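Below is one structure, written out as structure tokens, with a few remarks after it.
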Amino acid sequence: MEAYEDLKQGEKGAWVSIGAYVLLSGAKLAVGHASGSQALLADGLNNATDIIASIAVLVGLRISRKPPDRNHRYGHFRAETVAALVASFIMMAVGVQVLIQAVGAFSEPNLESPGMVAGWTALLCALAMLAVYRYNSRLARRINSQALMAAAQDNRSDALVGLGAFVGIVGSQFGIAWLDPFTAVIVGLIICRTAWLIFRDATHALTDGFDEAELSKLRQTVSDSPGVKGVRDIKARVHGNNVLVDVTINVNKYLNVVESHAITERIEERMKADHNISHIHIHIEPHEARE
């Protein structure tokens, strides 16, 4: 099944994130500790916990690939959405911890500027993470994976954080020592914002929320299908990397079962071609012409 193959492809992106975070977090924590850079330490701590978040995404994708069973007739696709939710909790906890440590650094009596080796480390790591973001975001869009897109958003956040740390460290070289911990505060805020956005999207999907504008496009596609006299009702929900659609249409009341069924098949073909939706339940009702 195509959906399961997509999930298998998504696992590659999760492994790429895990590998990148292991290497980059080690480098940032080591250099940050040696140079005394609060911004780089905050970034390294963020990356270290991102390993856990990426593992959660990987586990979610693995569970999503399990076939339907007696208790999960629709399959396990929502496991990846749950994984994205877990990742948001981890990121929020890290963001708050970074903020606490960064604010505490301002109270230190002798605030020293870190060396430029910390700055170059932050810049190189940011460029590497930007490349990981581009890979994962493209893959997530291609396979329509919410969990992998959450991981990609985390990658982008980390790239921006690294660039911010570089700016803060460079600024501290000019006698503005407080700029390094100040950048760490910005790092913490970015982490928290990214966590909130992932949490918002995951909970929206888990509570069967669906974008109204996208639903209008689906309605228009069904309405324009040959033989459809009207769309009485349409609902949609996200189920992992799939979209499930329930629609009630009106057709000519004099059509027989075979003719009515042919209309539903045309709708299914158009939904697959135009919106990549293969899960659609269509209920037919007779169309009563208004006098």
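Residue numbers count from 1 along this sequence. Keep in mind the model is a prediction, meaning the values are calculated, not measured.
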Item to check | Full working for side-chain contact (heavy atoms from CB on, under 4.5 Å) between S225 and R266 | outcome: CA-CA 7 Å; S225 298; R266 286 194 292 267; 5.5 Å; no

Item to check | Residues D154, R156; criterion salt bridge (Lys or Arg N to Asp or Glu O under 4.0 Å); working and verdict | outcome: CA-CA 5 Å; D154 190 22; R156 179 179 60 184; over 6 Å; no

Next on the checklist: Does H261 form a side-chain contact (heavy atoms from CB on, under 4.5 Å) with E265? I'd like the steps, not just the answer.
Outcome noted: CA-CA 6 Å; H261 180 68; E265 288 187 329; 3.2 Å; yes

Next on the checklist: Using the rule given for salt bridge (Lys or Arg N to Asp or Glu O under 4.0 Å), can you reason through E285 versus K253, listing the C-alpha separation, both sets of side-chain angles and the distance that settles it, and then say yes or no?
Outcome noted: CA-CA 8 Å; E285 290 192 358; K253 62 182 179 180; over 6 Å; no

Checklist entry - Does the salt bridge (Lys or Arg N to Asp or Glu O under 4.0 Å) test come out yes or no for R78 and D208, once each step is laid out? => result CA-CA 11 Å; R78 274 192 173 170; D208 286 341; 2.3 Å; yes

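Here OG of S25 is found 9.0 Å from CG of D50. Values are rounded to the nearest 0.5 Å. One finds the CG atom of D201 at 7.5 Å from the OG1 atom of T203 (value rounded to the nearest 0.5 Å). In this structure, CG on L148 lies 10.5 Å from CD on Q153, to the nearest 0.5 angstrom. The CD1 atom of I198 sits 10.5 Å away from the CZ atom of R200 when rounded to the nearest 0.5 Å. In this structure, S64 OG and E80 CD are separated by 4.5 Å, a value rounded to the nearest 0.5 Å. Between the CG atom of L139 and the CD atom of E11 there is a distance of 11.0 Å, given to the nearest 0.5 Å.
Side-chain contact between E268 and I282: present, with at least one pair of heavy atoms (C-beta onward) separated by less than 4.5 Å. Contact of the R141 side chain with the S137 side chain is registered, since non-hydrogen atoms from C-beta on lie closer than 4.5 Å. The shortest side-chain heavy-atom distance between H239 and H279 does not fall under the 4.5 Å cut-off. No side-chain heavy atom of K235 sits less than 4.5 Å from a side-chain heavy atom of V245. A heavy-atom distance below 4.5 Å is not found between the side chains of I249 and H287. Counting heavy atoms from C-beta on, the side chains of V247 and H281 never come closer than 4.5 Å. With contacts defined as side-chain heavy-atom distances shorter than 4.5 Å, the pair D246/I234 does not qualify. N250 is not listed as a side-chain neighbour of P286, based on a closest heavy-atom distance of 4.5 Å or more.
Of all heavy-atom pairs spanning T121 and A27, the tightest one is CG2-O, 4.4 Å. Nearest heavy atoms, V57 versus A83: CA-CB, 3.9 Å. Heavy atoms only, all atoms of each residue included: R237 and Y74 are closest at NH2-OH, 3.8 Å. Here the shortest heavy-atom pairing between L215 and A236 reads CD1-CB, 3.8 Å. Annotation for I263 and G227: closest pair CD1-O, 3.7 Å, computed over non-hydrogen atoms. Looking at every heavy atom in both residues, I63 comes nearest to A79 through CG2-CB, 3.5 Å.
Here the side chain of S88 pairs a donor or acceptor atom with the backbone of L85 at under 3.5 angstrom. Under the 3.5 Å distance criterion, the side-chain polar atoms of N242 are left unmatched by any main-chain donor or acceptor of V238. Remark: the backbone N or O of H283 is not paired with any side-chain donor or acceptor of T248 at under 3.5 angstrom. A donor-acceptor contact shorter than 3.5 Å is absent between the side chain of E214 and the backbone of D211.
By the rule that hydrophobic residues join a cluster once side-chain heavy atoms approach within less than 4.5 Å of another member, L24 and V22 end up as members of one cluster. Hydrophobic clustering of Ile, Leu, Val, Met, Phe, Trp and Tyr side chains at less than 4.5 Å, counting indirect connections, unites L58 with Y135. Under the 4.5 Å side-chain heavy-atom criterion for ILVMFWY residues, no single connected hydrophobic cluster contains both L23 and V117. Residues L218 and V228 are members of one and the same hydrophobic cluster, defined by side-chain heavy-atom contacts under 4.5 angstrom among Ile, Leu, Val, Met, Phe, Trp and Tyr. Linking ILVMFWY residues whenever their side-chain heavy atoms come closer than 4.5 Å, directly or via other members, leaves I52 and L41 in distinct clusters.
There is no side-chain donor-acceptor pair under 3.5 Å between N252 and K229. Side-chain contact check for H76 and D69: at least one donor-acceptor pair (N or O, by modelled atom type) lies under 3.5 Å.
No more than 12 heavy atoms of other residues, nucleotides or ligands lie within 6.0 Å of CZ in R134, so this atom counts as exposed by the packing criterion. Open room surrounds CD on E212; 12 or fewer heavy atoms of other groups in view lie less than 6.0 Å from it.
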Under 3.5 Å, which donor-acceptor pairs link side chains of residues 158-170 to any protein atom two or more places apart or in another chain?
{"residue": "D158", "atom": "OD1", "partner": "N46", "partner atom": "ND2", "Å": "2.5"}
{"residue": "D158", "atom": "OD2", "partner": "Y21", "partner atom": "OH", "Å": "2.5"}

Contacts table for residues 186-194: side-chain donor-acceptor under 3.5 angstrom, sequence neighbours left out:
{"residue": "T194", "atom": "OG1", "partner": "S157", "partner atom": "OG", "Å": "3.2"}
{"residue": "T194", "atom": "OG1", "partner": "I190", "partner atom": "O", "Å": "3.0"}

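Ring geometry, F89 versus F199: the interplanar angle falls from 30° to 60°, so the pair is classed tilted.
D233 has no carboxylate O lying under 4.0 Å from a charged side-chain N of R219, or vice versa, which leaves the two without a salt bridge.
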